[in-house]
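Okay, so here's the structure we're looking at.
These values consider heavy atoms only, across backbone and side chains, with no hydrogens, waters or symmetry-generated copies.
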Amino acid sequence: MVDRIIALDLIITTGIGFISAYSILYDQPALLDVAMILALIAFLGTVAFTYYIQQKNKQ
Amino acid sequence: MKNKFLSNILLTFIWVAITGNFTFSNFLFGFLLSFFILRMVTSGASHRAKYFRIAPKVVAFIFFFLYELVKANIEVAIEVMTPKFRMTPGIVKFPLDAETDLEISFLANLISLTPGTLSMDVSDDRKVLYVHSMYIKDRESFIAGIKNGFEKRLLEILR
Amino acid sequence: MTDIIVGILAFLGTIFVFLAAVGMVRMPDTYLRISVTTKAATLGIGLLLIAGAIYSNELAITAKILAIILFLLLTAPVSAHLIGRTSYFSGVKLWKNSVMDDMEGKYDTSSEELRSGFETDPEKSKPTKSSG
């Protein structure tokens, strides 16, 4: 279960890398806004999932 | 300290507005120029003001952190690429010198950011940080490595 | 000239992200996976974004990219710390070749308290501090 959360984190981080590579390749710097929002939001998913696991452990 | 920093920023903006060249390198050059001018202008006891001692140390710390980051990255990359595992992982108890919330959180984040080491948790009485690391030769040398590297430099800046 | 630098930086960044993905598969336990994965967030993505900043030589884009790197550096350790902490407390085992586990038995599951081991003998913490 925990390994999947790490994989999700890695997928989102790789997504940021994809977007930046795409913006270099097709010369569209406007796409970097998407990368910024992803970088800000990405860790919220991890926080939510870990909170869920902690609550599950308590029971 | 705060005063000096704000006047430094103000002088930078004046420099950029006068030269009329809004590029990143010009901002940087203006900042360095106004830093040295402020340092020359302030005299006497305020010559040893905290700001002028700390500012070079912050820059040195950033470069030290980047060096550690690249070094640890290459170590971990070699570990991943070679077929045999040569690592000796484990969880080490690291006694903290840092006391306030800010110092502890900075130290824990810096330890987590370098690959290979991961800060697990701080004990409830805030005396100990548990660190998971990939390469532990023995406990004393690992603790001394972090204490003389990250923690000493960080406390020099924050205190 | 800039094309060559951009190419080299983007190549190195991609290599580091790729090695993080390989390490994700190869590493034997959860904690080592977390350690390997933080590398993708810091150096790999950082190099890719810096390549983008050099490619489009503008102040607005450089500032945006510096902001992205700052956000990544702020958020990556938070999530790594949370995952590591939760997985230890939910009972994920360490790798069998691990050298030491100082945290073993320090966590009280009923009161959810993490002890430091220094409570009973406060003088004992002094020599370890001065030796560092």
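Taking CG of C/Leu19 as the start and CD1 of B/Ile78 as the end, the distance is 10.5 Å to the nearest 0.5 Å. Atoms CG and CG, from B/Leu113 and C/Leu74 in turn, are 9.0 Å apart once rounded to the nearest 0.5 Å. For the atom pair CG of C/Leu73 and CG of B/Leu69, the computed distance is 8.0 Å after rounding to the nearest 0.5 Å. Here the straight-line distance linking atom CG of B/Leu118 with atom CD1 of C/Ile34 works out to 5.5 Å at 0.5 Å rounding. Atoms CG and NE2, from C/Asp29 and B/His132 in turn, are 5.5 Å apart once rounded to the nearest 0.5 Å. Within the model, atoms CE of B/Met81 and CZ of C/Phe18 stand 10.0 Å from one another, a figure rounded to the nearest 0.5 Å.
Between chain B and the options C/Met27, C/Arg26, C/His81, the largest number of non-hydrogen pairs under 4.5 Å is found for C/Arg26.
For a residue to count as touching a neighbouring chain, one of its non-hydrogen atoms must lie under 4.5 Å from one of that chain's; by this rule C/Leu32 touches chain B with backbone and side chain alike. Contact annotation for C/Leu66: only side-chain heavy atoms (C-beta onward) come within less than 4.5 Å of a heavy atom of chain B.
For CZ of B/Phe64, the number of neighbouring non-hydrogen atoms (other residues, nucleotides, ligands) closer than 6.0 Å is greater than 12. Atom CZ of B/Phe61 has more than 12 heavy atoms from other residues, nucleotides or ligands within 6.0 Å.
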Evaluation steps, side-chain contact (heavy atoms from CB on, under 4.5 Å), between B/Ile91 and C/Tyr88: CA-CA 11 Å; B/Ile91 296 179; C/Tyr88 193 89; 3.6 Å; yes
Stepwise side-chain contact (heavy atoms from CB on, under 4.5 Å) check, B/Met134 with C/Tyr31: CA-CA 9 Å; B/Met134 275 173 84; C/Tyr31 309 102; over 6 Å; no
